[in-house]
Structure formats: structure tokens, C-alpha cells
Amino acid sequence: MPKDLQALKSAMLACTLCKDLPLGPNPIFQLDRQARILIVGQAPGRITHAKGRPFDDPSGDRLRSWLAVDKPTFYTDPRVGIFPMGLCFPGTGSGGDLPPPKICATTWRSSVLQALEQVELTLVLGAYAIAWHLPDLGGKSVTEAVRQSSRGDGNMFVLPHPSPRNNRWLKQNAWFETEVIPRIQQSVRRILDTPSGV
């Protein structure tokens, strides 16, 4: 396994471990060795697969509003990284998108995270990302995981998925947007307002 991030990215883009995916392999991520903010989610959805760019949808609009980051910064600032648990769209089941194949994280995750030496803030979305990055919170409800990480201890926050499907959750848990989002925005602003290399 290569240790250099550029070599890892090339290997991931060429990955065909999951040849039986319904839409075929199409690894999607956004990584640079300068990444200081890392967004870790579940796996690309069908729209992301088609567009080839993560969070270029209403979920992404909400996520960017939570971070107080505009679209150009989100996609072009090398300090913003996106690394889902599964790199490709896994397909759809009766309850929505299928889980990310375990082989993806087993193959790539540790090496990539070790190569990202400047990450200061990790934003964790979804049960599979929670289980990997915050195993003590694995198995807890999303609400409890969000609540227990709400102070950003260890420079990690758990977020609910920003999908419009979660409007009800956000309405029932208004404390997330009134109490937690300002803390996340403060952390993001501190990082992005600091010149690279400082």
C-alpha cells in the first residue's frame, strides 16, 4: 500500500475492488495533503455518482450553510477534504442507499488518514463513519452521538446527515442548530482564517 497521498489517490481512483456495483466503480472523494478540515460521511449517492462531485445537491447546500463556507471555498480550498467510508455509490435497497462495502474502509482508510497529517477538525456524518472515527459512540442513536460530541472534544463533531429528509429531526432537535452549529462554524473559521503553513 503506498504511503504518499498522491499515490494513494491514484490507486483509489483506479480501484475496481467492487466490480458488482450497480452503476460500476466511480470513486469520489476530495483530498489534498493540505487538508485541515475533513468531512467523513457514508458513501456517494446516486446524484453524486452522476455528477462526480460530493455534496453537489441540496444536502451539500445545507452542509455548507452549517459550516458557513461558500461553494467555491468548499470545492477549491485544499484545506477542505471529503473522504466517505465508501468511495463509490453502493446501490439502493428497500430502505434507501445500501451500506458502504466494508472492503473500502479496510483497504484505504487507515493509510489515507495517516497521510493526512494536517487535519485539525473532523466532521463525522452517519453511523458507519461514527463507528470508525468514534467507536465509543458506535451503536448509539445519531441524536445521542451528536449530543455527546457537541463540544467538539478531540476536534471531532458528529452531525446528522444534512439531507432534507432530516428536516423533522432538525425541528425536533433545534438545539443542534442553535448550540452546536455556532461551535462548528467557529472552528471552521479559525482554521480557514489562518494562512496555510502557519
Side-chain angles (χ1 to χ4, degrees), residues 1 3 5 8 12 29-31 33 35-45 54-55 59-60 62-64 66-69 79-88 90 93 95-163 165-192:
M1 181 66 62
K3 294 190 176 182
L5 182 61
L8 281 165
M12 288 191 294
F29 54 88
Q30 177 178 301
L31 294 170
R33 62 182 183 81
R36 295 171 68 182
I37 298 167
L38 186 63
I39 300 164
V40 295
Q42 179 162 293
F55 292 108
S59 295
R62 175 174 275 162
L63 177 59
R64 285 183 286 276
W66 284 348
L67 306 184
V69 169
R79 294 171 296 176
V80 179
I82 302 170
F83 188 40
M85 295 302 298
L87 302 179
C88 301
D97 288 354
L98 295 171
K102 291 182 180 178
I103 193 172
C104 194
T106 302
T107 304
W108 304 113
R109 200 146 198 92
S110 293
S111 297
V112 170
L113 293 175
Q114 287 174 12
L116 295 172
E117 298 176 345
Q118 298 187 48
V119 172
E120 298 177 33
L121 175 66
T122 302
L123 305 173
V124 183
L125 288 75
Y128 298 97
I130 293 168
W132 180 280
H133 290 269
L134 293 163
D136 290 348
L137 298 181
K140 296 191 180 294
S141 69
V142 170
T143 303
E144 188 58 29
V146 171
R147 192 180 298 280
Q148 288 195 26
S149 74
S150 64
R151 300 213 63 84
D153 296 336
N155 296 316
M156 284 195 185
F157 287 93
V158 174
L159 288 71
H161 196 282
S163 167
R165 295 178 188 173
N166 273 340
N167 286 344
R168 183 177 177 187
W169 186 95
L170 292 167
K171 189 173 182 180
Q172 292 174 339
N173 297 277
W175 54 270
F176 172 71
E177 291 191 312
T178 58
E179 299 173 23
V180 183
I181 289 300
R183 294 176 194 145
I184 294 172
Q185 291 179 351
Q186 183 179 24
S187 296
V188 170
R189 190 165 51 248
R190 173 183 57 78
I191 291 168
L192 296 183

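From a predicted model like this one, the values you see are computed outputs, not experimental measurements.
Here the shortest heavy-atom pairing between P160 and W169 reads CG-CZ3, 3.5 Å. Closest heavy-atom contact between R79 and I191: NH1-O, 3.6 Å. When all heavy atoms are compared, the tightest approach of P44 to D97 is O-OD2, 4.5 Å. The heavy-atom pair separating G41 from A129 by the smallest distance is O-CB, 3.9 Å. In plain terms, the two heavy atoms of N155 and E120 that are nearest each other are CB-O, 2.9 Å. When all heavy atoms of L137 and A145 are compared, the pair lying nearest together is CD1-O, 3.8 Å.
The closest side-chain heavy-atom distance from F157 to L121 is below 4.5 Å. Side-chain contact between Q148 and D136 is absent, with no heavy-atom pair separated by less than 4.5 Å. The shortest distance between side-chain heavy atoms of L159 and I184 falls below 4.5 Å. Here the side chains of W175 and V146 are in contact, with some heavy-atom distance below 4.5 Å. The closest side-chain heavy-atom distance from W132 to V124 is not below 4.5 Å. Put simply, the side chain of F55 reaches to within 4.5 Å of the side chain of R64, judged on heavy atoms. For the pair K140/I130, no side-chain contact is recorded, criterion being any heavy-atom separation below 4.5 Å from C-beta on. Residues F176 and R147 fail the side-chain proximity criterion, which asks for heavy atoms closer than 4.5 Å.
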- request: Evaluate side chain to side chain contact (heavy atoms under 4.5 Å, CB included) for L31 paired with L38, printing each intermediate quantity in order.
  value: CA-CA 9 Å; L31 294 170; L38 186 63; 4.0 Å; yes
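Each of V40, I37, I82 was compared with L123 under the side chain to side chain contact (heavy atoms under 4.5 Å, CB included) criterion, and only I37 meets it.
Taking CG of L170 as the start and CZ of R62 as the end, the distance is 5.0 Å to the nearest 0.5 Å. Residue L67 holds its CG atom at 7.5 Å from CD of Q185, rounded to the nearest 0.5 Å. Rounding to the nearest 0.5 Å places CE of M85 at 10.5 Å from NZ of K102. Atoms CZ and CG, on R109 and L87 in that order, are 8.0 Å from each other to the nearest 0.5 Å. Residue W108 holds its CH2 atom at 7.0 Å from CE of M12, rounded to the nearest 0.5 Å. Taken to the nearest 0.5 Å, the CG atom of L8 stands 10.5 Å off from the CG atom of L113.
In terms of the side chain to side chain contact (heavy atoms under 4.5 Å, CB included) criterion, residue partners of A35 (sequence neighbours excluded) are, by chain and number, L116. For A131, the side chain to side chain contact (heavy atoms under 4.5 Å, CB included) criterion is met by no residue, not counting sequence neighbours.
No more than 12 heavy atoms of other residues, nucleotides or ligands sit less than 6.0 Å from atom CD of Q186. Counting heavy-atom neighbours within 6.0 Å of R183 CZ, excluding the residue itself, gives a total above 12.
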